[in-house]
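Structure first, then comments.
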Amino acid sequence: MSINSTSSKNLNSLENILIIGNGGRENSLAWAIQKNELVKKVYLIPGNAGSERINKCKRIKIDINNKNELVEKLNFFNINLVVIGPEIPLANGLADFLREKDFKVFGPGKDGAKLEYSKSWAKEFMQNAKIPTANFWKVNSLEEAKKIIQSSSFPLVVKADGLASGKGVFIPDSKDECLSAAESIFNGKFGQAGNVVVLEEKIQGPEVSVFALCDGEKYVLLPTAQDHKRLKENDKGPNTGGMGAYSPAPLLTEDYLDKIIKEIIKPTIVELNKKNIDYKGVIYFGLMITESGPKVIEYNCRFGDPECQTIMPLMDKNFVFLLEKCSMGNLTGDEKIDTFDKVSGCVIATSKGYPQEYKTGFPIKIGKVDSDACQIFDSGTSLSKNGELLTDGGRVLSIVCQDKDFDMVFEKAYKNLKEINFDGIYYRSDIGHQVRKNFIKEN
Ligand code: AMP
Ligand code: GLY
């Protein structure tokens, strides 16, 4: 990554970094940030049991909703840069609050986070900016939804407008299923997040994730990635938060990425500016590559999980400067990301039962994992009173490897994953099947 050092102001001011969030995404951000020698300490609120295994990292256990205590702690620890991981605090305006208190913050304000927390707003935003996306209807009542569903000549997708922890999207197989999905949302399945429903034309094609680090006007693209949303091999089973990923996505050639920049990324930033939204953070473009070109499925105002765990090990020690520049509105837009000519792959290990009901509290045994070749980023773990590592979430941890090609990456990932065990461990054996030349489909 070539970064003009003169344009990074007051480098001494990167000693203490704070990351807000408790998942694998935040641990991988901490891991990438601590690589820089100017960074002395990375604090996580609240982090998880894996956070303190990362060099220079320390957890702070406070409630971020207690604003006075938060500011007190940030001042006490002399925090120079705050990175906000998850969408909920962003949607609640935490970045605005901390900026008002003169902290440098990577993460959009409440106005920018609306790209994620209101699907209907995001669809109208795209419509205004002529950004390619599936046709849609914003509906305020079940009656309205019924009319559209019954008269539609093509399959529809049903979405709760607001934040629903990734569970608010239904892909029905029939009009009846479509109606019952709309009914369940209007009946309060997601509380206020379902006061409005978005009906969308169902489109088809592979999905890719593109991340733009944005300083309000300029942006830098991270390596692209492909997530695996379905629980089971061959992309079957229910949707999950993500079962694994690889980066970069070879599907996006340089030419195709140029098309995405021209049709989607630049118009998004222009439209944000038109709306006077000073977006300082990452814009996550969830795209579908359809026969008629790339279309935006969704925007998120945060890094993807597990895409972030996959991409972070490809960053060099200057990554933290990019975050700082975004927070200060200082990107040149010419910053180049050097991925060391490597590719990266990530496999998530989950608790039995995820994404439905699952139990937690099972001891995690980690054997001889080759730590030069792989990173382990905890997603949902805790420590027992005796300091034993326990499962504490649906997605428990990820193993991430880098190498020259995806065959080598996933060979290492699966070999090392065998060294990790807990009661009910489950993972997909075919992550990266799209890009593994030696991959043999079992079914
Ligand atoms: P979202 O939470 O909006 O990303 O939706 C979750 C998943 O639902 C996406 O990753 C897609 O696989 C699928 N999806 C969402 N919208 C559509 C659509 N309009 N057409 C087809 N699939 C969709
Ligand atoms: N990987 C999907 C997401 O973070 O929403």
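Order of appearance sets the numbers: ligands from 1, and atoms from 1 within every ligand.
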With sequence neighbours excluded, residues passing side-chain hydrogen bond (donor to acceptor under 3.5 Å, both in side chains) with D255: none
Please determine whether the number of non-hydrogen atoms from other residues, nucleotides or ligands lying under 6.0 Å from atom NZ of K67 exceeds 12. yes
From N135, I171, V158 - option closest to atom 8 (O) of ligand 1 by heavy atom: I171
Name the closest protein heavy atom to atom 5 (O) of ligand 2, giving the residue it belongs to and the distance to 0.1 Å. R302 NH2, 2.9 Å
For E200, counting its heavy atoms only, list the atoms of ligand 1 lying under 4.0 Å from any of them. 16 (N), 18 (C), 19 (N)
With no hydrogens and no angle check, just 3.5 Å: does a side-chain donor-acceptor pair link D392 and N48? no
How far is atom 11 (C) of ligand 1 from the closest protein heavy atom, and which atom is that? E207 OE2, 3.2 Å
Report, in ascending order of atom number, the atoms of ligand 2 lying under 4.0 Å from any heavy atom of G304. 4 (O)
Number the atoms of ligand 2 from 1 as they appear, then name those within less than 4.0 Å of a heavy atom of E307, with their elements. 1 (N), 2 (C)
Proximity of I203 to ligand 1 by residue part, where a heavy atom lies under 4.0 Å: both
Those atoms of ligand 2 less than 4.0 Å from some heavy atom in G241: 1 (N), 2 (C)
Measure up the F303 and F211 rings against each other and bin them: parallel (under 30°), tilted (30 to 60°), perpendicular (over 60°). tilted
Passes salt bridge (charged side-chain N to carboxylate O under 4.0 Å, His left out), E87 versus R302? Steps please. CA-CA 6 Å; E87 63 278 16; R302 52 171 176 84; 3.1 Å; yes
Cation-pi check, K352 onto Y358 ring (under 6.0 Å, within 45° of axis): no
May I ask you to check whether I297 has an N/O atom sitting below 3.5 Å from an N/O atom of ligand 1? no
Any idea which protein heavy atom is nearest atom 18 (C) of ligand 1, and the distance to it? V157 CG2, 3.7 Å
Salt bridge or not for D111 and K275, using N-O below 4.0 Å? no
So if I count the atoms of ligand 1 from 1 in the order they appear, which ones are less than 4.0 Å from some heavy atom of K119? 2 (O), 3 (O)
Scanning both residues in full, the closest heavy-atom pair of A193 with L163 reads CB-O, 3.4 Å
For V169, the atoms of ligand 1 under 4.0 Å from one of its heavy atoms are 1 (P), 2 (O), 3 (O), 5 (O), 8 (O)
The side chain to side chain contact (heavy atoms under 4.5 Å, CB included) partner of T391 among D423, T360, I425, D378 is T360
Give the residue and atom name of whichever protein heavy atom lies nearest to atom 7 (C) of ligand 1, and the separation in Å to one decimal. N239 ND2, 4.0 Å
Smallest separation among heavy atoms of A212 and F285, with atom names: CB-CE1, 3.9 Å
Per-atom contacts, ligand 2 versus D227 - under 4.0 Å to a heavy atom: 1 (N), 2 (C)
So, is K229 polar-close to ligand 2, with some N/O to N/O distance under 3.5 Å? no
To which of K159, E298, E201, Q204 does the heavy atom nearest atom 15 (C) of ligand 1 belong? K159
